[in-house]
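Heads up, the thing below is written out as structure tokens.
The sequence lines fix the lettering, A, B, ..., with proteins before strands; numbering per chain opens at 1.
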Amino acid sequence: MSNRKGKLHIYNSLSGKKEHFEPIHQDHVGMYVCGPTLYSEPHMGNMRTFINFDMIYRYLLFLDYRVKYVRNITDAGHITNSAGEAVDSIGKAARLEQVQSLEIVYKYNVKFQELQRIYNLLPPSIEPTATGHIQEQIEIIEKILDNGLAYVVNGSVYFDVKAYSEKFNYGILSGRKVDELAEETRTLNAQDEKRFFADFALWKKANPEDMQIWRSPWGDGNPGWHIECTAMSTKYLGTQFDIHGGGLDLKFPHHEDEIAQNCGSFGCNPAKIWMHANMLNVNGQKMSKSLGNFFLPKEIVEGTTPLFSKGFSPDVLRFFMMQAHYRSTLDFTEEALNAAEKGYTRLSDAIQLLDKLPTGETSSFDVSALVDSFYTAMDDDFNTPILIANLFEAAKRVNLINDKVDTISLNDLKLLSTHLIAFVKEILGLQLNVAQSDAKLAPVMDLVLDLRAQARANKDWTTSDKIRDGLAAAGIIVKDGKEGTSWS
RNA sequence: GUGAGCGUGGCGGAAUGGUUACGCACCGGAUUGCAAAUCCGUAAGCCGAAAGGUAUGCAGGUUCGAGUCCUGUCGCUCACUCCA
């Protein structure tokens, strides 16, 4: 599959255009994605971002790139917001639950790992933690200070946006202008130590009530919100790497400030390509606790959220998300989820048929063109909706072959089968959970269906329908086809 | 207020400036004892009896040609405060 490399185009938030993807180091890809902050259980919106980047990671792997995928875990409280106020979200959660910060982090990390398993996310190459890289963060802050782009005030260090913007373009990612930022009506906090509104904390002096405190050249304190990503991406991927991803809501200020820190310390933008996954809405609005449209990834699987009348399998949820492009907002509604569930079943049923298909001398349609269309869709900025449309074209062909309307040669069937399964399972990450074929159940089913066939032959519909309905109640669906009866 | 983006059929959601994909729902047909599943097809907003016309929030513009580009306008989402 490696000959398929080289056609991939990715939308770059920096340029606002789709760009031909060429890795910095041939055949190797470095990708950094902003991971979760572990002060609460990740919600469905968080999961959408991680699922989208999981799909991107999977396709890069499938193209035979050697990918180093780094996704950080924020386990240090974001100690300050840009107004300089203390916002230690982890510490706050710890006080609320009356436990130590580490317990909070550990608790939600366990939950996050469980969600990754449920939603079939491949583990990243590395999941570094902020607290494990305090020294690296301090070293980068020192570099920025040495370059004259930060200043120390009363035990805290701030990034000097005005000085920076004389050499670099602050706002290159978000489209913001430093001059306009200055005109914003937002008033500076009275005790604010910053020289300029847009300046942001690299290091913040500790407050007495802080639960996590580290030593630094500027005194005891905490790292700023953005510096951990700069430190960890540099450590594991170098000062410049291929792809940096995250949710759209991180574009400003978080990613803008990461660029500033990287340029301010190493003189270059950390990533060639910046990718942003769009938000998830529920009934037309951003998911939020105050709006009452909030639910957890586990609740929707278990069917315990009052927003939906039933649960949906992780496969259906992944499929549903993959039907929308990663750069579009996606609206969660029960009607849309039900539609996705049916569509997913149709696709997965067709895949189950693959190894039972009859082969012929020739194929009645262009199989390799169909397979190429899978790649073409993904090469166009990971266009999973188009991919799925093409997969349905394949599913239709599979059904037609099964009905003996279309024919396929043995070689073509191998080609189609391999790719159909690869794109669905390996790239979209759908697990195709088949009812476990129990070694004891199969002969029992053979017997039961044989009895039903006899009843049908005798036109004993009462008995045959009793068997069918009884099996349905047990979760086994009987399908009467031209070639006999199957079950699943 | 400032920045980014979006507005397409009943629903979800695609479309390098070139016939509005695909899935679900609906309708008709094939298949079936009846279903389910599968296949084929119509249709999909508005005007019209029909032919046809007009339709991608609305109003203009550029173009042989606009969902796509430009201007204005209305609405929505996100960001500017912890955010995926």
Return no unless some side-chain N or O of A:Lys342 is found under 4.0 Å from OP1 or OP2 of B:rA25.
yes
Go through the N and O atoms of the side chain of A:Arg468 and the base of B:rA35, and report whether any donor-acceptor pair is under 3.5 Å.
yes
Is A:Arg346 near enough to B:rA37 that one of its side-chain N or O atoms lies under 4.0 angstrom from OP1 or OP2?
no
Checking base pairs now: Watson-Crick or wobble, both atom distances under 3.5 Å. What partners B:rU32?
none
When both distances are under 3.5 Å in a Watson-Crick or G-U wobble arrangement, the nucleotide paired with B:rA59 is B:rU71
Donor-acceptor pair present, A:Arg71 side chain and B:rA84 base, under 3.5 Å
no
Look only at the side chain of A:Asn72 and the backbone of A:Pro128, and say whether a donor-acceptor pair between them is shorter than 3.5 Å.
no
Contacts of A:Asp331 meeting side chain to side chain donor-acceptor pair (under 3.5 Å) (sequence neighbours excluded), chain-then-number -> none
Kindly indicate whether the side chain of A:Tyr236, heavy atoms from C-beta on, has any atom under 4.5 Å from the side chain of A:Phe241.
no
Base, sugar-phosphate alone, or nothing: which one does A:Gly35 contact when heavy atoms must sit under 4.0 Å apart?
sugar-phosphate
Is there a side-chain contact between A:Thr333 and the phosphate of B:rG12, meaning an N or O under 4.0 Å from OP1 or OP2?
no
Under 4.0 angstrom, heavy atoms only, what part of the nucleic acid is A:Ala324 near: base, sugar-phosphate, or nothing?
sugar-phosphate
B:rA35 base to A:Asp480 side chain: any donor-acceptor pair below 3.5 Å?
yes
Hey, does the Lys NZ or Arg CZ of A:Arg195 hover above the aromatic six-ring of A:Tyr158, less than 6.0 Å from the centre and inside 45° of the axis?
no
Only pairs with both distances under 3.5 Å count, Watson-Crick or wobble alike; so what is the partner of B:rG5 in this structure?
B:rC76
Give a yes/no on whether any side-chain N or O of A:Ser328 is located under 4.0 angstrom from OP1 or OP2 of B:rG13.
no
Of A:Asp349 and A:Gly16, whose nearest nucleotide on RNA chain B comes first from the 5' end?
A:Gly16
Looking for any heavy atom pair under 4.0 Å, which part of the strands does A:Leu280 touch: base, sugar-phosphate only, or nothing?
base
Within the structure, does a side-chain N or O atom of A:Lys459 lie under 4.0 Å from either OP1 or OP2 of B:rC34?
no
Taking only side-chain N and O atoms of A:Asn399, does any of them lie within less than 4.0 angstrom of OP1 or OP2 on B:rU38?
no
Indicate yes or no: does A:Asp349 engage A:Arg346 in a salt bridge with an N to O separation below 4.0 Å.
no
Is any side-chain N or O of A:Asn278 under 3.5 Å from a base N or O of B:rG5, one able to act as donor and the other as acceptor?
no
Presence of A:Asn383 side-chain N/O under 4.0 Å of B:rA15 phosphate oxygens OP1/OP2
yes
Assigned partner base of B:rA44, Watson-Crick or wobble definition, under 3.5 Å
none
In the strands shown, is B:rG23 matched to any nucleotide by a Watson-Crick or G-U wobble pair with both distances under 3.5 Å, and which?
B:rC11
So, A:Phe392 and B:rG23: ring centres less than 5.5 Å apart, planes less than 30° off, yes or no?
no
